[in-house]
Number of protein chains: 2
Amino acid sequence: MKKDTTTEEKIKEAARTVFLTKGFEGCSSREIAKAAGMNVALVNYYFRSKSQLFQLIFKAAMEDFMESMIYVFSTDQPLEDKMRIFIEREYDFLAKHPELPNFIINEMNREEACSSNEHSEILEKIAETGIFNDCQKAQAEGKMRKMNLISLTLLVMSNCQYPVMAKNLMQSIHQLTKEEYDEQIVLHKGYVTEMLVQYLFPKQ
Amino acid sequence: MKKDTTTEEKIKEAARTVFLTKGFEGCSSREIAKAAGMNVALVNYYFRSKSQLFQLIFKAAMEDFMESMIYVFSTDQPLEDKMRIFIEREYDFLAKHPELPNFIINEMNREEACSSNEHSEILEKIAETGIFNDCQKAQAEGKMRKMNLISLTLLVMSNCQYPVMAKNLMQSIHQLTKEEYDEQIVLHKGYVTEMLVQYLFPKQ
DNA sequence: CATTGTTTTAAACACTTGTTTAATATTCTT
DNA sequence: AAGAATATTAAACAAGTGTTTAAAACAATG
């Protein structure tokens with residue numbers, strides 16, 4: 001009889017939550033083991049080293065990070081609607097996984113880490129959705145403001161991710177409770193959607 | 001005869017660069033000491049502990065973080081111009097101190113750290129510039145889109161800081177060199193300025 | 001049941017961590 | 001120049017780090 005969740009999976013789950021909240025440097029192998037209710041040696045038995053376990057978690061997190069993006073882009077709708085839906089979904093997703101953007105960005109900044117790795121597969125996956133072609137087409141037809149893809153993604157990511165990343169900072173500055181800030185984010189989502197749509201798809 | 005830079009200052013400088021690039025957990029006392037060309041014991045001789053030294057650095061960084069903001073807001077100009085100048089200056093500032101936003105946001109997320117501390121003094125300092133009153137007045141006159149101060153700061157900070165914070169991520173995704181991305185940021189600054197001004201100060 | 005192979009454990013390894021101590025060197029004051 | 005105050009050093013401390021080892025517990029197979 002196999003347990004519903006095997007030891008290996010328990011460790012992986014524990015590692016995910018610990019790594020995502022504290023970062024690679026901010027936790028120890030023993031802490032992960034304890035969070036999984038296991039022994040330290042077991043962590044290395046299944047994953048050989050803290051680094052290897054981390055790279056596993058990081059890769060999975062990176063995929064989650066891009067998941068919702070790809071889903072919306074694949075749908076068949078007018079670009080402007082896609083944008084609205086994307087922002088809606090991205091705010092939803094980030095409400096459930098608020099640690100993700102910080103985690104990804106931080107660990108990308110660790111020199112030892114996955115900086116120079118090949119994360120361009122992500123771009124390819126996004127490209128496969130045809131979103132980039134759609135944008136270029138819309139830009140050629142004058143329906144969308146002309147702008148390279150980097151700035152386009154930057155605009156969207158900035159306005160979706162930063163509000164989640166800066167939660168503690170903004171709470172502290174503006175003296176808000178967690179709940180108050182969460183409400184604020186919902187409000188902010190509306191502003192962001194309006195602003196981006198107006199700017200990217202100007203009416204005449 | 002006093003040296004041009006005293007030992008205490010050398011350590012503080014070294015601590016600043018090390019802390020800002022690697023974070024509190026990402027470095028050791030000995031690393032800071034070595035970066036300053038000093039002994040480990042000297043670090044604690046002058047600053048008693050790693051934590052106390054860190055809090056010193058963090059506080060100073062936080063003030064830097066808000067410095068340019070306050071300066072521009074204090075000037076006497078139309079709001080729309082202030083916004084343009086602010087974005088210009090903020091991009092300038094962040095080009096010189098690209099590690100700052102990530103550092104601040106990360107360390108605010110460390111539970112042990114300065115999360116619940118009183119950073120609301122910052123808000124007071126900004127309030128002293130009268131910028132918030134100006135905004136409310138402009139909003140009452142219909143010259144500026146109605147929006148609470150939290151969303152206002154969020155909009156501006158998102159679009160100024162995120163592009164710097166996500167540098168390594170964006171480089172990796174879009175396969176850019178540092179120099180190419182720096183050029184991209186200059187381009188992006190233009191889009192951001194236009195977008196924010198158009199949205200916050202709609203014509204007719 | 002005996003003998004595989006796989007999982008789990010406690011203990012140890014060498015090394016780094018933050019911090020302290022006690023001795024030495026330097027500077028300042030009178 | 002003598003003595004007090006300050007600055008600097010190397011060494012030690014206990015605790016924690018990632019990783020390994022070798023023995024035990026377990027499961028599976030013949």
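Each chain gets a letter, A, B and so on, in the order its sequence line appears, and its residues count up from 1.
- The distance between atom CD of A:Glu31 and atom P of D:dT19, rounded to the nearest whole Å, is 15 Å.
- The cationic atom of B:Arg48 (NZ for Lys, CZ for Arg) does not lie both less than 6.0 Å from the six-membered ring centre of B:Phe54 and within 45° of the ring axis.
- If you check D:dT20, C:dA10, C:dA12 against the side chain of A:Asn44, the one that comes closest is D:dT20.
- Relative to the side chain of B:Leu42, the nucleotides D:dT8, C:dT9, C:dT19 differ in distance, and D:dT8 lies closest.
- For A:Lys50, whose side chain is taken as the heavy atoms from C-beta onward, the closest listed nucleotide among C:dT9, D:dT8, D:dG18 is D:dG18.
- The CZ atom of B:Phe54 sits 13 Å away from the P atom of C:dG18 (whole-angstrom rounding).
- Under 4.0 Å is where a charged nitrogen must lie from a carboxylate oxygen, and between A:Lys12 and A:Glu8 no such pair does.
- Out of C:dT9, D:dT8, C:dT17, the shortest distance to the side chain of B:Ser28 is found at C:dT17.
- Between B:Phe24 atom CZ and C:dT17 atom C1' there is a gap of 11 Å when expressed in whole angstrom units.
- Straight-line distance from the CE atom of A:Met38 to the C1' atom of C:dT8: 10 Å, rounded to whole Å.
- We find that CD of A:Glu8 is positioned 9 Å from P of C:dT7, with the value rounded to whole Å.
- Out of D:dT17, C:dT19, D:dA10, the shortest distance to the side chain of A:Arg30 is found at D:dT17.
- In this entry the distance linking CD of B:Glu25 with C1' of D:dT17 reads 13 Å, nearest Å.
- Out of D:dT17, D:dT6, C:dT8, the shortest distance to the side chain of A:Thr7 is found at C:dT8.
- Among the heavy atoms of the strands lying under 4.0 Å from A:Ser49 are primed sugar atoms or P, OP1, OP2 only; no base atom is included.
- For the pair B:Gln55 CD and C:dG18 P, the interatomic distance rounds to 15 Å; values are reported in whole Å.
- Nearest to the side chain of B:Asn39, among C:dT8, C:dA10, D:dA10, sits D:dA10.
- Scanning both residues, A:Phe47 and A:Gln52, for their nearest heavy atoms gives O-CB, 3.3 Å.
- Proximity of B:Phe201 to B:Met83: side-chain heavy atoms (C-beta onward) are separated by under 4.5 Å at one or more points.
- Taking atom NZ of residue A:Lys34 and atom C1' of nucleotide D:dG16, one finds them 12 Å apart after rounding to whole Å.
- Smallest separation of non-hydrogen atoms from B:Cys135 and B:Leu79: CA-CD1, 3.8 Å.
- Distances from the side chain of A:Tyr45 to the nucleotides C:dT6, C:dT19, D:dA10 place C:dT6 closest.
- Among the atoms of the strands shown, only primed sugar atoms or phosphate atoms (P, OP1, OP2) are found under 4.0 Å from some heavy atom of B:Tyr46.
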